[in-house]
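Not measured: the values here are computed from a predicted model. Start at 1 and go down the list; that is how both ligands and their atoms are numbered.
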Amino acid sequence: MISDGLLVERMGPIARLSHARPEQRNAQSAAFLDALDRALGEAVEDPEVRVIVLAGKGDHFSAGHDLRDEETMRHQTTPEVRYAFESVRYRDYCLRLWDAPKPVIAQVQGACVAAGFMVANMCDLIVASEDAFFADPVVGAVAIAGVEVLVHPWVMGLRQAKEFLYAGGRVTAAEALAMGMVNRVVPRAELEATTMALAARIAAASPFALRLMKRSLNRTAEIQGFRAALDAHFDTHQLSHMGSDAQAHLSGDLGKAIGTMKAQIA
Ligand code: ZN
């Protein structure tokens, strides 16, 4: 059953959580993010679930935050209101994917943009189809310092992240594979089967060993400052919302901003 744009499926030891608003390119509303976080919590609590897959129905993984969602835009007022909203929905929810004590695999096709990029990259592994592409047009399109969770330099390398965030444009699946940002690239028709086979293979391992392995691997990044850097960027991102250019975009035409966003991705 699809609820708040989220489809939850169980296939043996695998729980698959899918963005399910393909006609909106799986843009993430506040209600969707709440539902995803709840479903993630349930999958984590369920002892029968060993691996979690995060996917998107239709042609695209996700185009990012839904700028037409009233609940999302209602919080774009004062710094206090925005900070509270984005702390929970964007930073905390992302870190719950990172901290989930079970492996999480992102299955990515088509657009994986801005907040879609942020969420996919908080997962442990990414399996992409050949048509997948990654983009973060936020700096160029709406004058904000990227998305809330700056996972980019950790998954693409500092040099690539700088070009990606300063200049916009897109990174193809093949380029993402070369950067080490995704684990596998397969034809679109094989995406689901490849992801499920990988999930099933991982699900055969000891849940406790996997849990501790993930903890150690994530701690390797955290010892290098991953979590502190994410927290620092979250605050800097909030400051950037108050920039005069960003404020002009916010009070301007939404359709135009979305158009600029699309041009930046092209
Ligand atoms: Zn923000």
> In the protein, how many N/O/S atoms are under 2.8 Å from the Zn ion (ligand 1)?
Replying inline: 5
> Does D69 come within less than 4.0 Å of R74, counting only side-chain N to carboxylate O?
Replying inline: no
> More than 12 non-hydrogen atoms from neighbouring residues, nucleotides or ligands closer than 6.0 Å to CZ on R96, yes or no?
Replying inline: yes
> Are F117 and F61 close enough that their ring centers fall under 6.0 Å?
Replying inline: no
>> If the test is side chain to side chain donor-acceptor pair (under 3.5 Å), which one of H19, R21, R89 qualifies with Q28?
In response: H19
>> Would you say CZ of R211 has more than 12 non-hydrogen atoms from neighbouring residues, nucleotides or ligands within 6.0 angstrom?
In response: no
> Any side-chain donor-acceptor pair under 3.5 Å between E86 and H241?
Replying inline: yes
